[in-house]
Amino acid sequence: MPELAEVEYYRKQWDPGLGQKILEVTCREDRRIFRGIPAGLLPTTLQGARLISSETHGKQMLFRFDKGSLGVHLGMTGELYREEPGHTPAKHAHLILRQKKQDLVFSDPRLFGRVRLETGKGEPTWWQDLPPDPRSKAFTLAVVREALTRRKGTPLKAALLQQEHFPGIGNWMADEILWQSHLKPMRKCGTVTEEESQILWKTIRVISRTAIRIIGKDFSDPPEDWLFGHRWKKGGFCPRCGLELKRDEVGGRTTCWCPHCQPQ
DNA sequence: GGAGTTGTTTAGGA
DNA sequence: TTCCTAAACAACTC
């Protein structure tokens with residue numbers, strides 16, 4: 001489910017726990033999402049630690065504590081939420097940080113998500129090494145040009161899903177970006193003109209920021225004149241031209257597009 | 001019961 | 001080497 005805006009929404013769900021100590025850590029360490037973390041290290045590190053701050057970068061989240069930090073990726077079905085203190089864990093709740101006033105929960109039925117642990121004071125290297133977030137100043141036109149050049153044989157849709165170039169963009173955002181840019185999803189990156197690159201760059205920035213503002217705030221739906229609300233069901237109609245939308249598999253993912261508005 | 005799912009990693013081929 | 005595709009991971013919904 002989560003792309004950069006949804007990730008921002010879920011990050012905020014733990015905000016009530018800011019400044020407060022973790023009294024107890026409940027986790028199922030054998031679950032796939034904890035891969036790479038030595039047994040016992042998670043409770044040892046976080047028990048008694050105070051949650052200081054949190055931020056998102058693309059689909060990645062970082063929760064900073066006064067000792068160490070916690071990285072969270074939600075995968076396809078991960079969620080963060082809060083519960084009454086001392087509640088009984090739900091079936092797919094894998095990590096619960098128990099505080100005085102609330103329990104902070106990470107659940108993920110499909111286990112495609114991932115939790116990382118940094119025991120040192122500083123920023124984890126994986127966090128420092130993330131490529132420019134599409135809403136940041138560092139995400140320049142040159143970044144888009146570079147990606148299109150490097151992936152010249154890849155369809156645009158598949159390239160937009162590559163997190164090393166466009167961190168935070170997922171399936172629905174990629175479709176939305178191409179639709180608003182009037183670019184066909186199966187178009188090869190190498191054939192995109194300079195003018196089209198600029199349109200693509202601007203559209204990525206506008207959609208990222210707008211999605212964060214709307215979905216990141218309270219999980220509201222984007223505007224009706226976006227592709228978003230029309231792309232899910234089969235037989236949806238283009239909100240711009242009114243013709244029937246098409247569905248194809250591009251880059252291994254279901255892709256919704258408008259043959260009339262995205263002719264090439 | 002089968003198909004599909006808003007994600008990432010890996011293996012293997014080109 | 002570099003780039004690209006398909007499969008694997010896993011559980012739920014329609």
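Labels below follow one simple rule: chain letters A, B, ... track the order of the sequence lines, proteins then strands, and each chain is numbered from 1. In what follows, every heavy atom counts, from backbone to side chain, and hydrogens, waters and symmetry copies are set aside.
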Nearest-Å distance for atom pair CG/C1', residues Leu130(A) and dT8(B): 14 Å
Sugar-phosphate, base or nothing in reach of Gly170(A), heavy atoms under 4.0 Å: sugar-phosphate
If you restrict it to nitrogen or oxygen atoms, what contacts under 3.5 Å exist between nucleotides 12-14 of chain B and the protein, and what is each distance?
none

For atom CD of Gln60(A) and atom C1' of dT9(B), their distance in whole Å: 13 Å
Closest-nucleotide ordering on DNA chain C, the 5'-leading residue of Arg32(A) and Gly252(A): Gly252(A)
Distance test, side-chain N/O of Gln163(A) to OP1/OP2 of dT8(B), below 4.0 Å: yes
Pair Arg11(A)-Ser54(A), side-chain donor/acceptor within less than 3.5 Å: yes
Fellow cluster residues of Leu130(A), listed by chain then number, with links counted only when side-chain atoms sit under 4.5 Å apart: Leu62(A), Trp126(A), Trp127(A)
Donor on one side chain, acceptor on other, Gln99(A) and Gln102(A), under 3.5 Å: yes
Could you pull out every donor-acceptor pair under 3.5 Å between side chains of residues 243-250 of chain A and any protein atom, sequence neighbours left out?
from      : atom 1 : to        : atom 2 : distance (Å)
Lys246(A) : NZ     : Asp248(A) : OD1    : 3.4
Lys246(A) : NZ     : Asp248(A) : OD2    : 3.2
Arg247(A) : NH1    : Arg231(A) : O      : 2.9
Arg247(A) : NH1    : Trp232(A) : O      : 3.1
Asp248(A) : OD2    : Trp257(A) : NE1    : 2.9

Spacing of Leu160(A) atom CG relative to dT8(B) atom P, expressed in whole Å: 13 Å
Rounded distance (Å) that lies between atom C1' of dT9(B) and atom CD of Glu164(A): 12 Å
Separation of atom CD1 in Ile33(A) from atom P in dT8(B), rounded to whole Å: 15 Å
Can you list, pair by pair, the side-chain donor-acceptor contacts under 3.5 Å of residues 80-90 of chain A, counting residues two or more places apart and other chains?
from     : atom 1 : to        : atom 2 : distance (Å)
Arg82(A) : NH1    : Gln13(A)  : O      : 3.0
His87(A) : ND1    : Asp103(A) : OD2    : 2.8

Presence of salt bridge, Asp225(A) and Arg240(A), under 4.0 angstrom: no
Closest contact, heavy atoms only, Pro167(A) versus Pro131(A): CG-O, 3.6 Å
Nucleotide pairing, DNA chain B (Watson-Crick or G-U, distances under 3.5 Å), in dot-bracket with [ ] and |: .||||.||||||||
What's touching nucleotides 11-14 of chain C from the protein side, N or O pairs under 3.5 Å?
from    : atom 1 : to       : atom 2 : distance (Å)
dC12(C) : OP1    : Lys91(A) : NZ     : 3.2
dC12(C) : OP1    : His92(A) : NE2    : 2.6

In a table with atom names and distances, give each donor-acceptor pair under 3.5 Å that connects a side chain of residues 35-47 of chain A to protein atoms at least two apart or in another chain.
from     : atom 1 : to        : atom 2 : distance (Å)
Arg35(A) : NH1    : Arg32(A)  : O      : 2.9
Arg35(A) : NH1    : Gly113(A) : O      : 3.3
Thr44(A) : OG1    : Gly40(A)  : O      : 2.4
Thr45(A) : OG1    : Leu41(A)  : O      : 2.6

Euclidean distance, atom CG of residue Leu161(A) to atom C1' of dG7(B) [Å, nearest integer]: 9 Å
Pick out the pairs of N or O atoms, protein on one side and nucleotides 1-4 of chain C on the other, that lie under 3.5 Å.
from   : atom 1 : to        : atom 2 : distance (Å)
dC3(C) : OP1    : Arg150(A) : NE     : 3.2
dC4(C) : OP1    : Gly153(A) : N      : 2.8
dC4(C) : OP1    : Thr154(A) : N      : 3.2
dC4(C) : OP1    : Thr154(A) : OG1    : 3.2
dC4(C) : OP2    : Thr154(A) : OG1    : 2.7
dC4(C) : O5'    : Thr154(A) : OG1    : 3.2

Of Arg187(A), Lys184(A), Lys202(A), the residue whose pairing with Glu196(A) passes salt bridge (charged side-chain N to carboxylate O under 4.0 Å, His left out): Arg187(A)
For Lys12(A), all residues meeting side-chain hydrogen bond (donor to acceptor under 3.5 Å, both in side chains), sequence neighbours excluded: none
Any residue meeting side-chain hydrogen bond (donor to acceptor under 3.5 Å, both in side chains) with His92(A), in chain and number order, not counting sequence neighbours: none
Between C1' of dT5(B) and CG of Asp175(A), the distance in whole Å: 14 Å
Side-chain N or O of Thr254(A) closer than 4.0 Å to phosphate OP1/OP2 of dT5(B): yes
Whole-Å distance separating the CZ atom of Phe112(A) from the P atom of dT10(B): 14 Å
Hydrophobic cluster (4.5 angstrom, side-chain heavy atoms) - remaining members for Ile214(A): none
Hydrophobic cluster (4.5 angstrom, side-chain heavy atoms) - remaining members for Ile52(A): none
Heavy-atom closest pair, residues Trp14(A) and Leu97(A): CZ3-CD1, 3.8 Å
